[in-house]
**Student:** 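Here it is, the structure in full.
Numbering of residues begins at 1 and proceeds along the displayed sequence. Only this structure's heavy atoms are used, side chains among them; waters, hydrogens and symmetry mates stay out.
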Amino acid sequence: MHVTAITMEDATFPYRLGTDCAEEIVARLGDRAASRYLVVCDTTVAALYGHDLVARLEKDAGPAVLLTHEAGEVHKDVTTVGALAEQALGAGADRRSIVVALGGGITGNIAGLLAALLFRGIALVHVPTTVVAMLDSVLSLKQAVNASFGKNLVGTFYQPAEVLADTAMLRTLPVRELRSGMGEVVKNALAIRPSMTERLAGLLRPDGRYDDDALRWIIAESVAAKADVTGADKHERRDGLVLEYGHTAGHAIEHAARGEVAHGAGVAIGMVIAAEVSHRLGHASAPFVALHRELIAKAGLEHAVPAFVGTDDVKNWLTYDNKRGYLDCEGTSTPMVLLSGPGQPLRTGGMPLVPVPLSVLNETVDALAGPGRTGADHRAAVPV
């Protein structure tokens with residue numbers, strides 16, 4: 001496995017990336033000599049990888065237990081964390097136990113918060129199984145779950161001891177999840193690392209099929225992009241806020257869709273909305289907005305609010321964005337990450353945030369919902 005040292009101010013941990021390296025993952029976990037390995041995953045990942053990992057750990061590392069939660073964004077809440085904590089303690093967890101987060105970004109956040117809370121903090125190791133997790137969520141110290149008022153509003157900052165990523169685990173991902181991951185990759189290229197844009201445009205595939213070489217390059221570039229803005233900002237409250245590009249509207253769309261829009265797909269739509277807002281406010285050029293649409297289309301993602309998502313719901317959730325409080329915004333505006341060009345965030349007081357009139361943001365949401373739409377919820381069967 002190739003090792004990258006992740007440094008965020010005084011927080012450092014190794015990120016190991018390889019292909020077909022399950023034995024090395026078990027060996028690395030075994031080297032930590034945990035009293036018990038608490039493998040946290042959803043019920044889908046449990047069938048794919050969870051039972052196998054627990055069996056391998058039991059054989060070669062030490063006592064292990066599988067802790068499962070229901071799959072889906074709707075289960076990313078404090079109730080799930082509490083239930084897992086009870087399971088862990090009932091299985092004999094102690095201060096020398098290790099939480100192994102096996103799964104995507106939802107599981108990573110749930111398990112991360114669990115590790116931070118058990119005995120006021122035990123070791124956390126991420127074994128990501130999705131593109132979004134490998135190149136985004138496990139590279140953040142943010143461990144948070146959702147509240148009824150919005151996404152990621154309840155949580156803390158907590159450092160993993162290590163990340164162990166195997167691209168072979170991406171082979172079982174549904175195309176929907178592979179495309180979702182590419183939404184975050186496009187964000188990294190547009191907002192942070194424009195140097196990767198040309199090659200990325202040639203690698204992106206609407207069918208979501210990528211070979212291991214392409215995935216390793218995409219993940220490595222995204223790791224570098226994140227390092228560019230979090231190295232001196234581990235809490236993502238200054239330069240690291242640029243990672244929120246596309247997330248203001250993206251999170252609102254996810255929440256309004258009740259889990260039927262994948263995270264990266266929501267971010268992709270949110271980036272187009274942000275680009276259109278920047279254009280309407282006189283900052284971004286029309287060709288730059290078109291670049292957003294081009295890259296998102298190459299990734300097989302939509303750039304309009306899905307027909308089954310009610311725009312009134314989206315506009316409601318916009319007012320609960322987790323960046324509230326960073327700027328002194330009046331009730332008629334909200335802080336957003338906007339770009340004037342590739343890798344060029346607009347700034348207020350050194351932060352890559354600007355106040356955006358809610359009227360302009362709401363008008364843009366309506367415009368990207370398509371002609372003839374109303375604000376009502378038009379739920380359909382096919383998720384994004």
**Student:** Is Ser35 reaching over with its side chain to a backbone N or O of Ser97, donor-acceptor style, under 3.5 angstrom?
**Tutor:**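 Pair found, side chain donor or acceptor close to backbone of Ser97.
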**Student:** With the side chain counted from C-beta on, respond yes when Arg95 and Arg120 share a heavy-atom pair under 4.5 Å apart, and no when they do not.
**Tutor:**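 Counting from C-beta outward, Arg95 and Arg120 do come under 4.5 Å.
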**Student:** Hey, could you give me the CG/OG1 distance between Asp211 and Thr19, rounded to the nearest 0.5 Å?
**Tutor:**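 One finds 10.0 Å between CG of Asp211 and OG1 of Thr19.
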**Student:** Check Val314 against Ala252 and note the closest heavy-atom contact, atom names and distance.
**Tutor:**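 Scanning both residues completely, I find the closest heavy atoms to be O-CB, 3.6 Å.
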**Student:** Just how far is it from atom NE2 of His292 to atom CG of Leu339, taken to the nearest 0.5 Å?
**Tutor:**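 Taking NE2 in His292 and CG in Leu339, the distance rounds to 5.5 Å.
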**Student:** Does any part of the side chain of Val45, heavy atoms only, come nearer than 4.5 Å to the side chain of Thr107, both counted from C-beta?
**Tutor:**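 No, their side chains stay 4.5 Å or more apart.
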**Student:** Are Ile269 and Leu368 packed together at the side-chain level, in the sense that at least one heavy-atom pair is separated by less than 4.5 angstrom?
**Tutor:**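 No, side chains not in contact.
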**Student:** Are the charged groups of Arg258 and Glu73 less than 4.0 angstrom apart, N to O?
**Tutor:**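 No, no charged N to carboxylate O under 4.0 Å.
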**Student:** If you measure from SG on Cys41 to CG on Leu53, what distance do you get to the nearest 0.5 Å?
**Tutor:**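 So the SG of Cys41 and the CG of Leu53 are separated by 8.5 Å.
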**Student:** Between Thr348 (side chain only) and Leu353 (backbone N and O only), is there a donor and an acceptor less than 3.5 Å apart?
**Tutor:**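 Flag set: sc Thr348 to bb Leu353 pair under 3.5 Å.
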**Student:** So, are Glu276 and Arg293 salt-bridged, with charged N and O less than 4.0 Å apart?
**Tutor:**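 Here Glu276 pairs with Arg293 in a salt bridge, since their nearest N and O are under 4.0 Å apart.
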**Student:** Going by the side chain to side chain contact (heavy atoms under 4.5 Å, CB included) test, name the single residue among Val223, Thr12, Val163 that passes it with Ile6.
**Tutor:**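 The residue from Val223, Thr12, Val163 that satisfies side chain to side chain contact (heavy atoms under 4.5 Å, CB included) with Ile6 turns out to be Val223.
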**Student:** Quick check: closest heavy atoms across Tyr326 and Met351, and the distance to 0.1 Å?
**Tutor:**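 Reported closest heavy-atom pair: O-CE, 3.2 Å.
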**Student:** So how far is it from Glu162 CD to Asp31 CG, rounded to the nearest 0.5 Å?
**Tutor:**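 So the CD of Glu162 and the CG of Asp31 are separated by 8.5 Å.
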**Student:** Flag the pair Arg179 / Met182 as yes when at least one side-chain heavy-atom distance between them is below 4.5 Å, and no otherwise.
**Tutor:**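 Of all side-chain heavy-atom pairs linking Met182 with Arg179, none is under 4.5 Å.
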**Student:** When clusters are formed by joining ILVMFWY residues with side-chain heavy atoms under 4.5 Å apart, either directly or through shared neighbours, do Leu124 and Met134 land in the same one?
**Tutor:**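 Looking at the clustering, Met134 is in a separate group from Leu124.
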**Student:** Quick one: does any side-chain atom of Thr130 pair with a main-chain N or O of Ala133 as donor and acceptor, under 3.5 Å?
**Tutor:**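 Side chain of Thr130 to backbone of Ala133: a pair is present.
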**Student:** Do Leu358 and Thr332 have side chains that approach each other closer than 4.5 Å (heavy atoms only, starting at C-beta)?
**Tutor:**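 Of all side-chain heavy-atom pairs linking Thr332 with Leu358, none is under 4.5 Å.
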**Student:** Flag yes if Tyr245 and Val354 sit in one hydrophobic cluster, no otherwise; membership is Ile, Leu, Val, Met, Phe, Trp, Tyr, and two members link when side-chain heavy atoms are under 4.5 Å apart.
**Tutor:**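 Yes, it is one cluster - the side chains of Tyr245 and Val354 are joined through contacts under 4.5 Å.
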**Student:** Under 3.5 Å, side chain of His126 to main-chain N/O of Val138, donor-acceptor pair present?
**Tutor:**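 No, His126 side chain to Val138 backbone: no donor-acceptor pair under 3.5 Å.
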**Student:** Would you sort out whether Arg56 and Asp60 count as a salt bridge (charged side-chain N to carboxylate O under 4.0 Å, His left out), showing the intermediate values?
**Tutor:** CA-CA 6 Å; Arg56 287 172 180 262; Asp60 298 324; over 6 Å; no
**Student:** For the residue pair Ser359 and Asn362, confirm or rule out a side-chain donor-acceptor distance under 3.5 Å.
**Tutor:**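 There is no such pair (donor and acceptor under 3.5 Å, judged by atom type) between the side chains of Ser359 and Asn362.
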**Student:** For Arg347, is there an ion pair with Asp239 - N to carboxylate O distance below 4.0 angstrom?
**Tutor:**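 Counted as a salt bridge, because a side-chain N and a carboxylate O are separated by less than 4.0 Å.
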**Student:** Say whether, by atom type as modelled, one donor and one acceptor occur between the side chain of Gln87 and the main chain of Leu67 under 3.5 angstrom.
**Tutor:**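 Side chain of Gln87 to backbone of Leu67, a donor-acceptor pair under 3.5 Å: no, none is there.
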**Student:** Can you check whether Ile25 reaches Val127 side chain to side chain, under 4.5 Å on heavy atoms?
**Tutor:**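 Touching, per the 4.5 Å side-chain cut-off.
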**Student:** Could you walk me through whether Phe288 and Leu190 pass the side-chain contact (heavy atoms from CB on, under 4.5 Å) check?
**Tutor:** CA-CA 9 Å; Phe288 186 49; Leu190 289 170; 4.1 Å; yes
**Student:** Go through the steps for Glu184 and His263 under the test side-chain hydrogen bond (donor to acceptor under 3.5 Å, both in side chains), then give the verdict.
**Tutor:** CA-CA 9 Å; Glu184 286 284 357; His263 174 71; 2.7 Å; yes
**Student:** Does either side chain, that of His279 or that of Ser285, offer a donor lying less than 3.5 Å from an acceptor on the other one?
**Tutor:**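 No pair is found: no donor N or O on one side chain lies under 3.5 Å from an acceptor on the other.
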**Student:** Which heavy atom of Met1 sits nearest a heavy atom of Cys21, and at what distance?
**Tutor:**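 It is CE-SG, 3.7 Å.
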**Student:** Regarding Glu236 and Ser140, is there a side-chain donor-to-acceptor distance under 3.5 Å anywhere?
**Tutor:**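 Yes, side-chain donor-acceptor contact under 3.5 Å.
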**Student:** Closer than 3.5 angstrom, by distance alone: can the side chain of Tyr158 be matched with the main-chain N or O of Ile122 as a donor-acceptor pair?
**Tutor:**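 Yes, because the side chain of Tyr158 sits within donor-acceptor range (under 3.5 Å) of the backbone of Ile122.
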**Student:** Do Val81 and Leu117 come close enough that some side-chain heavy atom pair is under 4.5 Å?
**Tutor:**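 Yes, at least one pair of side-chain atoms sits under 4.5 Å.
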**Student:** Is the number of heavy atoms from other residues, nucleotides or ligands within 6.0 Å of CG (Asp207) greater than 12?
**Tutor:**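 Result for CG/Asp207: enclosed.
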**Student:** Does Phe119, at its CZ atom, have more than 12 non-hydrogen atoms belonging to other residues, nucleotides or ligands within less than 6.0 Å?
**Tutor:**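 Buried by this count: over 12 neighbours within 6.0 Å.
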**Student:** If you round to the nearest 0.5 Å, how far is OG1 of Thr129 from CG of Asp166?
**Tutor:**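 It comes to 10.5 Å.
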**Student:** Is it true that Leu178 and Leu295 fall in one hydrophobic cluster, defined by side-chain heavy atoms closer than 4.5 Å?
**Tutor:**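 Linked within one cluster.
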**Student:** List the steps and the verdict of side-chain contact (heavy atoms from CB on, under 4.5 Å) for Thr80 and His75.
**Tutor:** CA-CA 6 Å; Thr80 296; His75 298 291; 4.0 Å; yes
**Student:** On a heavy-atom basis, which atom in Ala11 and which in Gln159 lie closest, and how many Å separate them?
**Tutor:**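 That closest heavy-atom pairing would be CB-OE1, 3.3 Å.
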**Student:** State plainly whether one hydrophobic cluster holds both Val54 and Leu38, where clusters connect Ile, Leu, Val, Met, Phe, Trp and Tyr through side-chain heavy atoms under 4.5 angstrom apart.
**Tutor:**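 In one cluster: no.
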**Student:** What pair of heavy atoms forms the shortest contact from Thr156 to Ala116, and how long is it?
**Tutor:**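 What the structure gives for the nearest pair is CG2-CB, 3.9 Å.
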**Student:** Does the plane of the ring in Phe149 sit parallel, tilted or perpendicular to the ring in Tyr320? Use 30° and 60° as the thresholds.
**Tutor:**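 The rings of Phe149 and Tyr320 sit tilted, inter-plane angle from 30° to 60°.
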**Student:** Hey, are Asp321 and Lys323 close enough for a salt bridge, meaning a charged N less than 4.0 Å from a carboxylate O?
**Tutor:**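 Lys323 and Asp321: salt-bridged.
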**Student:** So Glu70 and Asp42, side-chain contact (heavy atoms from CB on, under 4.5 Å) or not? Walk me through it.
**Tutor:** CA-CA 5 Å; Glu70 293 298 315; Asp42 67 31; over 6 Å; no
**Student:** I'd like to know if the side chain of Tyr210 reaches the main chain of Arg205, judged simply by a donor and an acceptor atom lying under 3.5 Å from each other, with no hydrogens or angles considered.
**Tutor:**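 Between the backbone of Arg205 and the side chain of Tyr210 there is a qualifying donor-acceptor contact (under 3.5 Å).
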**Student:** Given salt bridge (charged side-chain N to carboxylate O under 4.0 Å, His left out), test Asp94 with Arg36 step by step and report yes or no.
**Tutor:** CA-CA 8 Å; Asp94 62 24; Arg36 183 166 271 96; 5.8 Å; no
**Student:** Whether Arg171 and Asp20 form a salt bridge (side-chain N of Lys/Arg under 4.0 Å from carboxylate O of Asp/Glu) is what I want to check.
**Tutor:**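 So Asp20 pairs with Arg171 through a salt bridge.
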**Student:** With no hydrogens and no angle check, is any side-chain donor or acceptor of Asn109 less than 3.5 Å from a backbone partner on Gln143?
**Tutor:**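 Judged by distance alone, no pair lies under 3.5 Å.
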**Student:** Does Lys187 reach the main-chain N or O of Leu243 with its side chain, forming a donor-acceptor pair under 3.5 Å?
**Tutor:**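 Yes.
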**Student:** Answer whether the closest heavy-atom distance between the side chains of Leu141 and Phe13 falls below 4.5 Å.
**Tutor:**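 The answer is yes, as the side chains (C-beta and beyond) meet within the 4.5 Å cut-off.
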**Student:** What's the separation between atom CG in Asn316 and atom OG1 in Thr311, rounded to the nearest 0.5 Å?
**Tutor:**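 Answer for the CG-OG1 pair, Asn316 versus Thr311, is 11.5 Å.
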**Student:** To check you understand the geometry: which heavy-atom pair defines the closest contact between Ile253 and Val309, and what is its length?
**Tutor:**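 Ile253 and Val309 have their closest heavy atoms at O-CG1, 4.4 Å.
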**Student:** Run Leu29 and Tyr37 through side-chain contact (heavy atoms from CB on, under 4.5 Å) and show every step you take.
**Tutor:** CA-CA 9 Å; Leu29 288 168; Tyr37 296 91; 4.0 Å; yes
**Student:** Quick test of your reading of the model: are Glu244 and Arg237 salt-bridged, counting only N-O distances below 4.0 Å?
**Tutor:**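 The answer is no: the pair does not qualify as a salt bridge.
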**Student:** Without swapping roles, check the side chain of Thr197 against the backbone of Pro194 for a donor-acceptor pair under 3.5 Å.
**Tutor:**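 Confirmed, Thr197 side chain pairs with Pro194 backbone.
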**Student:** In plain terms, say whether Glu221 and Arg199 are close enough for a salt bridge, that is, a side-chain N and a carboxylate O under 4.0 Å apart.
**Tutor:**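 So Glu221 does not pair with Arg199 through a salt bridge.
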**Student:** With clusters defined by side-chain heavy atoms of hydrophobic residues (ILVMFWY) lying less than 4.5 Å apart, directly or transitively, does Val360 cluster with Trp317?
**Tutor:**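 No, no single cluster joins them.
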